[in-house]
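Below: one structure, written as structure tokens.
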Amino acid sequence: MEAKELEKYRALLEARQAELLDVLRRRDGITIEKAADALDEVRLAADRELMIHTLDRESLQLREIRAALARIEEGTYGICLSCEQPIPKKRLDAVPWAAYCVRCQEAIDAQRAAEGTPSILEALLEETI
Ligand SMILES: [Zn+2]
């Protein structure tokens with residue numbers, strides 16, 4: 001891949017990374033209030049659930065972005081980690097942190113679905129930020 005293109009993807013990744021870090025940092029300040037009554041408690045539990053779910057998704061994406069930036073440094077960016085074929089630019093434009101071509105990604109997703117996705121707690125425990 002040309003240096004000019006690599007810089008374009010690096011800029012996209014860094015912008016998304018900054019955005020995610022900002023969201024995650026702000027969420028750190030959120031405290032769960034003590035519910036005044038039972039109805040509030042149900043609502044707060046649902047909020048908390050949603051928050052954890054979103055946090056999980058964003059943390060995972062942040063990790064993918066960091067891995068993609070590392071691949072730019074290593075000179076392996078844009079190469080599928082599985083079949084080692086170039087990932088089409090159309091896919092990188094849509095998903096700059098893509099580590100696999102569509103075909104390999106689909107195979108991985110299918111395998112993950114069959115195995116069952118890791119629990120939220122597991123993902124949070126892995127989190128290093
Ligand atoms: Zn592939």
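Both ligands and their constituent atoms are indexed starting at 1 by order of listing.
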*Would you list the protein N, O or S atoms within less than 2.8 Å of the Zn ion (ligand 1), leaving out water?*
Cys80 SG, Cys83 SG, Cys101 SG, Cys104 SG
*asked:* Between Glu73 and Arg10, does the salt bridge (charged side-chain N to carboxylate O under 4.0 Å, His left out) criterion hold? Intermediate values first, please.
replied: CA-CA 10 Å; Glu73 295 303 321; Arg10 189 206 296 271; 2.7 Å; yes
*Is the shortest side-chain N to carboxylate O distance from Arg16 to Glu19 below 4.0 Å?*
yes
_Leu24 to Leu62 - nearest heavy-atom pair and separation_ = CD1-CD2, 3.6 Å
*Among Gln105, Gln111, Arg112, find the residue that satisfies the side-chain hydrogen bond (donor to acceptor under 3.5 Å, both in side chains) test when tested with Asp109.*
Gln105
_Neighbour count above 12 (heavy atom, 6.0 Å) for Glu84 CD_ = no
*Look at Lys89 together with Asp93 and state whether they make a salt bridge at an N to O cut-off of under 4.0 Å.*
no
